[in-house]
Amino acid sequence: METISFFDGRKIPLERHKVRIVQQLTLLPVEERLERIKEASSNLYLLHNKDIFLDMLTDSGVNAMSDRQQAAMMQADDAYAGSESFFRLEKTLHGIFGMDHFLPVHQGRGCEKILADLLVKPGDIVPMNYHFTTTKAHIERCGGEVIELICPEGLVYQSDHPFKGNIDTQALARLLDKEHDRVAFVRIEAGTNLIGGQPFSFANLRETAAICHKHGINLVMDASLLQDNLYFLKTKDEECKDLSLREIMRAVADLCDIIYFSARKLGFARGGGICMRESELVDRLKELVVLNEGFLTYGGMSVREIEAIAVGLEETLDFSVVSQGPEFIAYMVAKLEERGVPVVTPAGGLGCHLDASRFVPHIPSEQYPAAALAAALFIAGGIRGMERGTLSESRDADGNEKIAEMELLRLAIPRRVFTMSQIDYAIDRVTWLYENRNLIGGLRFEHEPKILRFFLGKLAPLSDWQEKIAAKFASDLPGSL
Ligand code: F0G
């Protein structure tokens with residue numbers, strides 16, 4: 001692992017790329033930020049991108065592409081059937097994961113849809129380390145139930161456990177001994193999204209695979225965030241520290257039966273796919289791909305994106321590429337911790353996660369604390385984060401709120417997009433907001449969709465707290481945007 005140390009002893013992540021194409025950003029004055037959040041019904045998905053200064057909503061589809069990816073896109077082979085671009089990606093994936101088949105799918109949730117359609121029937125259960133929103137929605141749509149078996153440390157906001165994404169293998173073994181007939185498959189998510197981008201350890205994955213295979217149950221990996229998990233295996237797992245990223249990737253894949261991914265994340269482009277070993281499921285899944293996604297040599301993706309994914313996946317095996325995200329996140333988490341702002345620790349992948357349960361403890365869960373914090377941060381800095389808390393849950397069958405186990409505001413750091421001074425700006429505005437946290441109030445739904453309500457829901461503040469934040473900002477930082 002090559003490192004670069006600063007002579008003056010500072011520890012700051014150093015970009016290992018240079019910027020050659022830029023996109024102009026606008027920072028609206030605070031009064032306009034207030035207007036825009038009101039027009040968007042306090043739901044940051046409903047903002048226009050042009051009104052946002054730092055878009056920390058997600059890393060999905062917004063990672064910066066490399067010159068090599070862009071060059072590959074120019075030589076894509078456009079064909080409905082038999083595109084060479086597809087065969088190049090298939091070969092790359094075979095080389096990386098060593099699996100027999102690759103089925104292209106337009107994005108991650110497309111993989112989840114067809115896997116659930118094929119494997120989940122009413123009454124089934126799907127044990128997993130932790131759910132992801134779209135995964136759970138598809139399993140439940142097919143009549144299945146998600147059983148979360150995250151290790152107890154996984155739900156502790158501040159901890160020094162290096163592998164909070166581990167599944168509780170003892171609980172899994174007990175469950176499978178009792179209920180194996182009802183288990184559709186076991187799902188393990190790399191870089192566990194909803195609990196702060198936290199990784200699993202190699203030993204945990206190996207034990208999980210052994211338990212599944214004892215019962216002849218498929219181990220399915222959601223590899224959308226595998227690049228971050230790889231970084232943590234390389235840097236924190238004794239078992240992996242002397243292996244190359246390629247060797248770690250292969251060792252991980254060797255334990256799984258099916259690997260699916262969103263290439264909006266893994267591969268730094270846009271698309272997705274399912275890799276699997278030879279089994280009687282392959283032909284049935286192929287039929288579902290053709291029915292839902294497109295022909296088997298594009299699966300709903302543009303051939304240009306297919307080329308970009310193939311190159312992006314190779315780049316994921318370069319430590320100087322995959323380390324950039326987690327190192328920026330660790331920097332941001334450490335600086336916020338120094339200032340007393342509650343954040344999820346240890347720093348994970350994907351983004352810096354603010355602990356809304358301690359940031360705004362005065363807001364009850366039913367008033368969506370993390371969503372309120374997200375709206376407040378947009379007013380304070382033109383920064384768009386993503387609520388990962390109670391608003392992202394769905395109500396139970398009786399219409400009661402399901403209170404999230406963790407109430408987080410995720411500030412995603414898409415790879416190779418932001419500079420250090422932009423990160424410092426985000427740290428500054430979060431710190432200002434923390435000093436003024438008592439001004440933040442709750443939200444209520446004005447329009448609540450039944451499925452994945454956080455995407456399209458319309459909310460309203462419970463008082464004039466948003467105006468108060470804008471006014472305080474203007475008086476604390478006069479003349480500043
Ligand atoms: N699985 C995981 C772990 C994800 O993080 C995502 C998407 C998906 C599946 C679905 O993939 O968006 O390509 O359909 N996560 C995005 C995010 C949306 O912002 O965390 P998709």
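Counting starts at 1 for both ligands and their atoms, following the listed order. All values derive from a computational prediction rather than experimental measurement.
Scanning the protein for heavy atoms near atom 5 (O) of ligand 1, the closest one is N193 ND2, 2.8 Å. The nearest protein atom to atom 13 (O) of ligand 1, hydrogens excluded, is given as S262 OG, 2.6 Å; this is a heavy-atom distance. For atom 21 (P) of ligand 1, the nearest non-hydrogen atom of the protein is Q107 NE2, 3.3 Å. Taking atom 8 (C) of ligand 1 as the reference point, the nearest protein heavy-atom neighbour is F132 CE2, 3.5 Å. Protein heavy atom nearest atom 2 (C) of ligand 1, with residue, atom name and distance: D222 OD2, 3.4 Å. Of all protein heavy atoms, the one lying nearest to atom 9 (C) of ligand 1 is E112 OE2, 3.3 Å. Of all protein heavy atoms, the one closest to atom 16 (C) of ligand 1 is K265 CE, 3.3 Å.
Against a heavy-atom cut-off of under 4.0 Å, R410 is close to the following atoms of ligand 1: 17 (C), 19 (O), 20 (O). Every atom of ligand 1 with a heavy atom of T134 under 4.0 Å away is listed here by number and element: 10 (C). Every atom of ligand 1 is numbered from 1 in the order shown, and the set under 4.0 Å from a heavy atom of R264 is 13 (O). Of all the atoms in ligand 1, the ones that sit under 4.0 Å from a non-hydrogen atom of R109 are 10 (C), 11 (O), 12 (O), 14 (O), 21 (P). Atoms of ligand 1 found under 4.0 Å from any heavy atom of M386 (numbered from 1 in listed order, with element): 19 (O).
Under 4.0 angstrom from ligand 1, there are no non-hydrogen atoms of R270.
Results of the salt bridge (Lys or Arg N to Asp or Glu O under 4.0 Å) test with R416 over E315, E15, E327 single out E315 as the only residue that passes.
Remark: aromatic rings of Y298 and Y80 are close, center separation under 6.0 Å. Not less than 6.0 angstrom separates the ring centroid of F97 from the ring centroid of F102. When ring centroids are compared, F359 and Y434 come within the 6.0 Å threshold. Between Y45 and F455, the distance separating the two ring centers is shorter than 6.0 angstrom.
Atom CG of D160 is surrounded by 12 or fewer heavy atoms from other residues, nucleotides or ligands within 6.0 Å. Applying the 6.0 Å contact sphere to NZ of K38 captures more than 12 heavy atoms from other residues, nucleotides or ligands. Within a 6.0 Å sphere centred on NZ of K121, heavy atoms belonging to other residues, nucleotides or ligands number 12 at most.
The shortest N/O to N/O separation between G108 and ligand 1 falls below 3.5 Å. Residue T58 has at least one N or O atom closer than 3.5 Å to an N or O atom of ligand 1.
Looking at residues two or more places apart in sequence or on another chain, you find a side chain to side chain contact (heavy atoms under 4.5 Å, CB included) between E387 and A370, A371, L391, S392, E407.
For the pair L317/E314, a side-chain contact is recorded, criterion being any heavy-atom separation below 4.5 Å from C-beta on.
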